[in-house]
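Fair warning: this is a prediction, and the values are worked out from it, not measured in the lab.
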Amino acid sequence: MWSTARTVAEGDLVIVWLTRDVIQPLVITSGKELNTKFGYYRHEDLIGVPYGSKIGSRNGKGFIHLLRPTPELWTLALPHRTQILYLADIAFVTSWLDIKPGSRVIEAGTGSGSFSHSTARTIGPTGHLWSYEFHETRASKAKEEFTRHGMSDTVTLTHRNVCKDGFTVTDTVDAVFLDLPAPWEAIPHAKTALRKDRITRICCFSPCMEQVQRTVTALNDAGFTEITMYESLIRPHQVETLDSLPSIRVANVQLKESEARREAKRLRQIASAHRDGLTSSSSGGGKRKRGDDTTPITDLQQPKAENSTLEVAEDRIPEKRMKTEQEENVEISNSQTPLSKAEDIVIAVDSITPNDSSSSESHQPINVSKAFPEVRGHTSYLTFAVLLPPNYIPSTTTSAAVTSTEATPEVDTTTS
Amino acid sequence: MDVGEGSSKNVTESSEIPTIQVGHTLLLRLPSNEIKTLRLEKDSSISLGKFGSFFSNELVGQPYGLSYNIVDKKLKVLPPKTLQEVEDTDATNELISDGQAVQPLKTDEIEKLKKSGVAAEEIIKMQIEQHANFSLKTEYSKEKYKKRKEAKFSKSFSVVVPTLFNVCEYWFNKDSSRLRDIRIDSLSQILNLASIRPGGRYLAVDDASGIVVAGILERLGGRGRLITICDVESPPAYPCVTHMNFKKETTALLSSLNWATADEEYTPIVPPSEPASGKYRSDAQKSRMNKRKMLNTALNKTREELFAGEFDGLIVASQYEPFEILEKLTAYLAGSASIVVHGPNVQIVTNLQARLREIPTYLAPAVSEPWLRRYQILPMRTHPMMNTSGSGGFILHTIKVYDDPKASSVVAHRLKVKKARVESDMSTTPTPSLQDSSEPPVVESKPVDIKVSSCEE
């Protein structure tokens, strides 16, 4: 399929990784240049470089990573001709349909080739994929692409409306994948294409429940069994490193601090008003003077109120460690003097703040993750069914299967 | 444009049909929907408890995936079950009260009937006939009742096809913790993200009962290489692999080292494979020594192979610290190789992502969570299953790249240009800093990271 050599060669398809969101395919062609918002690069310079290399731009405007294409990277980088299939569905369908090296698979329609590339990789050179596309331009574009990607031996692409004209092979494939607007129209044809000497499987990919219901009926009528349906999605997570969560102890101290400051301000205002009243009523703005605070508080109610606030504060933080407790005691003992100054309180509270946060042990950064706020919530319903090998099954009146082949022999009980 | 038969001529002719063989490990689905696993032995009797017993030879040579009725220890293939349209009626459960005795047929009487050889369908018919309220039930309810009775009395089973899907589902339903929560959708994504293809060379650390090993071997299809690193002295038992019933050429691609023998600094202590005297004491000793010699040679070859590196991918599903595993094994990966780590706990995977994104060797590590929902598909009764699996674990995917510290980022470039501009604004003399190649870049490998964090916000 794609180059498996260690280094990039002329003519290779490489995946240029610019950022997580900007990933583009590039065919290495000497003489050409690659211009991106992360600098410009000469194709010659990329030849001989190992896959996976980080390449600095010629003008120092950034760098790119040169990656080896995989179907998964191709899905992220491919030119969209239609709505495409993504990893979750492709991977799940591959497993359910038991697609593995050597498998013979039918896909309709080809679309942008996302499923085709993944399947071609998985079935390998011993398997084969028959891909059908009813849109002529898309079919020829896909054909060119498959040829360029060295998949011509593994993939046969046919321009055809399979709902009307059926498939080009009979009794051949192990699995059928139908990504069509009306898969029920192609189901009888799919049955013809599936091999009859072993158990085979089918998947219909439809976004709407109404389509699923018609599909289920068609599958049942055609004799498919074990009909089941799934939805498969990927929830991408974003990982962040948090600088530890804020502590309520810090909030506690800050609140106390601001409370004390407010109280101090109130006291100053009262003191100032009191003094103004005592001296003269015309000293405007005098209440803001520092010197005012030196005036002893005479109002007897003030110290009382102050005490009670701090006692409450102390009660709120009983689990503080020894160190802070001691400081608290200092603070409290300061404030317990009924005649202490408002400014002292502020200082006392201030002094415990830095100590408090530095003594906190839970300062480990933590890594957290959550799902992205907006994610793909639905792609399609995956309706699966199996077709049992008719030669081994006794024909019954209930199964509409066209088992007109000789009256089913009772080989089952007589096999040695 | 290619019309017609396409290149079907290129396809190798019909590979042999996989059939059940003596020595295969089978998964049998019982009417109760339970799965019984057993190794198929020749000329023996297989008992399915109350669902009957049959001769093992009956299954030999049969294709996988059929259902059978057991009649006189012999098997009769059952026709496939099709969905039956259920007619909608006006019946409701309005007049049906719980706890009321409606079934005069007692358990011991049913047992007697069973012993006397009355067919399951007959017993169910009798039960329905004697059921006091059966006619009051809705058609849906009637069908459910019949199904429940069939699950109890019918003597039948089906052979589960050992696909990767079915084997993974069986193990996951049996004990998801033994699979480290690798559900089939998780496994499918892991295998695709690691881009397992026939002919590829892969490394794996599988403490998940071998489900990852089973997946890789299946997708290699007999071509390529797989080296696993384990924590036991002798090659580990990967029980999931047993259920796949692989051919010899498929499993031959697997070799295992352990965390000691995978250590380059370490010289494995192996018993001597030559007699000390230079002469074999007996033929038995000779063959024992030769066996040892072969094992030692194989071990050394596998070690050399690992240390030579250039593997195409690494899958980790381990109980061990994932960062350490990656630190140890990334060196053996080729450039652009995929690294996929699965874990049942988001914290482990998250912490790993946070550490890897600081290291330029790991390109854009991303964490995702597979999500799966199955539906009941019945005419007029389609809805998601009432009970479902809560988690398929978490997947981290990244790509190994070769860092180039000299490749400056676009941010570094902008800073440089800005700095140069500021300097030239301040002094009229041209600044040499812009051209000065000896000056180390201001920021290394940051733009991708910055981009990453900005798109994650």
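With a 4.5 angstrom heavy-atom cutoff, A:Ser95 touches chain B via backbone and side-chain atoms both. Interface remark: A:Val93 contributes no atoms to any contact with chain B (heavy atom separation under 4.5 Å). In this structure, chain B has heavy atoms under 4.5 Å from both the backbone and the side chain of A:Glu231. In this structure, no portion of A:Ile366 lies under 4.5 Å from any heavy atom of chain B. There is no contact between A:Met1 and chain B, counting heavy-atom distances below 4.5 Å. If you measure heavy-atom distances from B:Glu169 to chain A, the contacts under 4.5 Å come from the side chain alone. Only the side chain of A:Thr4 comes within less than 4.5 Å of a heavy atom of chain B; its backbone N, CA, C and O stay farther away. When heavy atoms are compared at a cutoff of 4.5 Å, B:Phe55 does not approach chain A at all. Heavy-atom distances place the side chain of B:Val161, and not its backbone, under 4.5 Å from chain A. Contact annotation for B:Ile196: only backbone heavy atoms (N, CA, C, O) come within less than 4.5 Å of a heavy atom of chain A. With a 4.5 Å cut-off on non-hydrogen atoms, B:Thr382 touches chain A through its side chain but not through its backbone. Heavy atoms of A:Ile227 lying under 4.5 Å from chain B belong to its backbone as well as its side chain. Proximity to chain B (any heavy atom under 4.5 Å) is restricted, for A:Ile199, to the side chain, taken from C-beta onward. With a 4.5 angstrom heavy-atom cutoff, B:Leu372 touches chain A via backbone and side-chain atoms both. Heavy-atom distances place no part of B:Ala334 under 4.5 Å from chain A, backbone and side chain included. Looking at B:Leu78, only its backbone comes within 4.5 Å of chain A, counting heavy atoms on both sides. In this structure, chain B has no heavy atom under 4.5 Å from any part of A:Phe167.
Considering only heavy-atom pairs separated by less than 4.5 Å from chain B, the leading option among A:Ser53, A:Ala88, A:Gly124 is A:Ser53. Between chain A and the residues B:Ser67, B:Ala354, B:Ser188, B:Pro384, the largest count of heavy-atom pairs under 4.5 Å involves B:Ser188. Comparing A:Met209, A:Arg68, A:Arg121, A:Glu72 by how many heavy-atom pairs each has under 4.5 Å with chain B, the most go to A:Arg121. Highest contact tally toward chain B, considering only A:Thr228, A:Ile123, A:Val386, is held by A:Thr228 [criterion: heavy-atom pairs under 4.5 Å]. Contact count versus chain A (heavy atoms, under 4.5 Å) is highest, among B:Arg374, B:Gln376, B:Met385, B:Arg197, for B:Arg374. Ranked by heavy-atom pairs under 4.5 Å with chain B, the first of A:Ile55, A:Thr70, A:Asp98 is A:Asp98. Annotation: maximal heavy-atom pairing with chain A below 4.5 Å, among B:Leu378, B:Leu66, B:Asn166, B:Val349, occurs at B:Leu66. Of all the listed residues (B:Gln347, B:Arg355, B:Arg219, B:Glu310), the one sharing the greatest number of non-hydrogen pairs under 4.5 Å with chain A is B:Arg219.
A salt bridge between A:Arg201 and A:Glu226 is absent, with no side-chain N of the basic residue lying under 4.0 Å from a carboxylate O of the acidic one.
If you run side-chain contact (heavy atoms from CB on, under 4.5 Å) between A:Val105 and each of A:Thr122, A:Val155, A:Ile99, only A:Ile99 comes through. Under the side chain to side chain donor-acceptor pair (under 3.5 Å) rule, A:Lys54 has a single partner from B:Asp404, B:Thr361, B:Asp403, which is B:Asp403.
A donor atom on one side chain and an acceptor atom on the other are not found under 3.5 Å apart for A:His159 and A:Ser140. For the residue pair A:Ser232/B:Asp185, the side-chain donor-acceptor check at 3.5 Å is not satisfied.
To the nearest 0.5 Å, atom OG1 of residue B:Thr398 and atom CD1 of residue B:Ile339 are 5.5 Å apart. From B:Leu164, atom CG reaches atom CG of B:Leu187 across 5.0 Å, with rounding to the nearest 0.5 Å.
The closest donor-acceptor contact from the side chain of A:Tyr132 to the backbone of A:Thr168 lies under 3.5 Å. In terms of modelled atom types and a separation under 3.5 Å, the side chain of B:Arg183 and the main chain of B:Pro370 share a donor-acceptor contact. Under a 3.5 Å cut-off, the side chain of A:Ser103 and the backbone N or O of A:Lys100 do form a donor-acceptor pair. Judged by distance alone, the side chain of B:Arg357 and the main-chain N or O of A:Val239 form a donor-acceptor pair under 3.5 Å. In this structure a side-chain-to-backbone donor-acceptor pair under 3.5 Å is present from B:Glu58 to B:Leu75.
Below 30°, between 30° and 60°, or above 60°: for B:Phe165 and A:Trp96 the angle between ring planes is above 60°, a perpendicular geometry.
Of all heavy-atom pairs between B:Ile399 and B:Ser338, the closest is CG1-OG, 4.4 Å.
Around atom NZ of A:Lys370, no more than 12 heavy atoms belonging to other residues, nucleotides or ligands sit under 6.0 Å away.
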